[in-house]
Each structure stands twice: as structure tokens, then as C-alpha cells.
Amino acid sequence: MLEKILEVLYLLPVPTAETIYMTLVSTFLACILGFPLGAFLYSASPDGLNPRGILYNTVSRVVNILRSMPFIILMILLIPLSRIIIRTSIGPTAAIIPLSIAAAPFVARVSESALSEVDNGVITAARAMGSTNYQIITKVLIPESLPALVSGLALTIINLVGYSAMAGAIGGGGLGSLAINYGYYRFRMEVTLGAVVIILLFVELVQFTGSSISRHLLSKR
């Protein structure tokens, strides 16, 4: 029994590092892609700073389609793109491409929702002071919605942990690959359980950290 535990502990560090690498890099890229899109959706919405009904509906539907697409299918569809950018479709770095694209629509919706929660009175006051739409977004909406944005970021990271586990099913590496290739296919339940425990601990850490930062930001208001 002790020998099996030691063997699992020996197998875990590299896949854990790969999962953290995939999750953090894809979160960063998803935020770069998703937050501007979310700010645009908020601004172009019927109650936004610069309503554009047709354009908003079109972009909103595209975001909804991407959000509803199963990740495993999206990853397969994006294999050619990964080969063009990374020159391979296997490994953690290649998995970052579909992970980022899959998470970007989620970030966009979270950002749109967080910005929409800001009180209209604050926006009206900013307009009365002559602020432009860009200034309202950067100097009013983002600071006011920061607690909600942090909570949304934590949810994004948690979703990406799950996506990265699925990516392991088709050569993405990480804990998902360990659980499937070394656990499931070889009938070694202890390996699968070890990977699941690490994923759960990581998710709990992210959730706790996100909630703590969000509460701290709320208390500073």
C-alpha cells in the first residue's frame, strides 16, 4: 500500500505543474480576449453607454454559440490552428490555444454582467463631469465592478481546470492525461484518485483566494 502511495506521489508533480501552466496562461489569454469583448457588449447593449442593437445582437449570438459548444469538440476543431501557431497539436502548450478560445466567451459574459451591476448614478455623475465612454469604463466601471470581476476570474480559472482535464483525453497533458492514461487505461484507481484530489485542492484554493480578495475589495469601498 505504501509503495503504491509513493508511486502516485512520484507521478503527480509534473502533470500538476502542466495543469497549473495550462490554466494560468490560458486564463491570462482568455482575459485579454474576453474582457474587451465584454466591455464592448456592455457598451453596445440596449442599456449601455453606446447602444448598437444590431451589432450587439450579432456579437452576443456568436458569444453564446461559442459558450454552448462542448469543449472537447471545440478542441478538435481547433487542432489545425494549434498546429499553425505552435506547430504541434499535442502537449500542454498546444492545449492553451483551445483553452483560451473556449474561456474567452465566458470571460466576456462575466465582464458584461459585472459592468452592468454598477449603479447608474455613478455613470450619470461621470457623464456630468464630461467623461468620455472610455474614461467611464476605465476609471469608473472597472474600479466599481472589481469585486465581481475577481469572482468571475476565479470561476474562469475553475472552469479552465476542468477543461484542462478534458484536454488530457486527446493529448493535452496535465492531470487529466495522468488520470486517463495511467489510471483508467491501466486499471490503477489510486492514480486516478490522486489526480482528482489534486484537482479538487486546486479548485478549493482558487475559490478561497478569489472569495477572500473579492470580500477585501468590497470592504474597502
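No hydrogens, no waters, no symmetry mates; every other heavy atom, side chains included, goes into these values.
- Looking only at side-chain heavy atoms (C-beta outward), Leu81 and Leu78 come within less than 4.5 Å of each other.
- Hydrophobic clustering (side-chain heavy atoms under 4.5 Å, transitive across Ile, Leu, Val, Met, Phe, Trp, Tyr) groups Ile101 together with Leu77.
- In this structure, the side chains of Thr132 and Ile136 stay at 4.5 Å or more apart for every pair of heavy atoms.
- Summarising the geometry, atom OG belonging to Ser151 is positioned 9.0 Å from atom CG belonging to Leu149; distances are rounded to the nearest 0.5 Å.
- Leu141 places a side-chain heavy atom less than 4.5 Å from the side chain of Tyr42.
- The minimum heavy-atom distance linking Pro15 with Leu12 is given by the pair CD-O, 3.2 Å.
- Gly130 and Gln135 get closest at one heavy-atom pair: O-OE1, 4.2 Å.
- Applying the side chain to side chain donor-acceptor pair (under 3.5 Å) rule to pairs touching residues 98-112 yields Tyr56-Glu112, Ser60-Arg109, Asn64-Arg109, Arg109-Glu112, sequence neighbours excluded.
- Counting all heavy atoms, side chain and backbone alike, Ala94 lies closest to Ser82 at O-OG, 3.3 Å.
- Side-chain contact between Ile97 and Ile86 is present, with heavy atoms from C-beta onward closer than 4.5 Å.
- A 4.5 Å side-chain heavy-atom check between Val110 and Phe35 finds every atom pair outside the cut-off.
- Under the 4.5 Å side-chain heavy-atom criterion for grouping Ile, Leu, Val, Met, Phe, Trp and Tyr, Ile73 is connected to Ile76 within one hydrophobic cluster.
- Side-chain atoms of Leu33 and Val107, non-hydrogen and from C-beta on, never get closer than 4.5 Å to each other.
- Taking CD1 of Ile157 as the reference point, atom CG of Leu205 lies at 9.5 Å (rounded to 0.5 Å).
- Linking ILVMFWY residues whenever their side-chain heavy atoms come closer than 4.5 Å, directly or via other members, leaves Leu37 and Val118 in distinct clusters.
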Listing, residues 162-182 side-chain donor-acceptor contacts under 3.5 Å, not counting sequence neighbours, or none:
{"residue": "Ser164", "atom": "OG", "partner": "Leu160", "partner atom": "O", "Å": "3.3"}
{"residue": "Ser164", "atom": "OG", "partner": "Val161", "partner atom": "O", "Å": "2.7"}
{"residue": "Ser177", "atom": "OG", "partner": "Asn181", "partner atom": "ND2", "Å": "2.8"}
{"residue": "Asn181", "atom": "ND2", "partner": "Ser177", "partner atom": "O", "Å": "3.3"}

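- Residue Pro105 comes nearest to Ala102 through the heavy atom pair CD-O, 3.4 Å, listed as atom of the first residue, atom of the second, then distance.
- The two atoms that bring Pro143 and Val140 nearest to each other are CD-O, 3.4 Å, heavy atoms only.
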Residue pair Thr93, Tyr21: steps toward the side chain to side chain contact (heavy atoms under 4.5 Å, CB included) verdict: CA-CA 9 Å; Thr93 302; Tyr21 163 68; 3.0 Å; yes

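- The distance from atom OG of Ser43 to atom CZ of Arg52, rounded to the nearest 0.5 Å, is 7.0 Å.
- With rounding to the nearest 0.5 angstrom, the CD atom of Glu204 is 10.5 Å from the OG1 atom of Thr209.
- Here CG of Leu66 is found 14.5 Å from CZ of Phe106. Values are rounded to the nearest 0.5 Å.
- Using a 4.5 Å heavy-atom threshold, the side chains of Leu153 and Cys31 count as touching.
- Cluster membership for Met69 and Met75, using ILVMFWY side-chain heavy atoms within less than 4.5 angstrom, is shared.
- One hydrophobic cluster holds both Ile32 and Ile96 under the rule that ILVMFWY side chains link at heavy-atom gaps under 4.5 Å.
- The shortest non-hydrogen separation linking Thr23 to Thr19 is OG1-O, 2.7 Å.
- Contact of the Leu49 side chain with the Arg127 side chain is registered, since non-hydrogen atoms from C-beta on lie closer than 4.5 Å.
- Expressed to the nearest 0.5 Å, how far OG of Ser113 lies from CG of Leu41 amounts to 11.5 Å.
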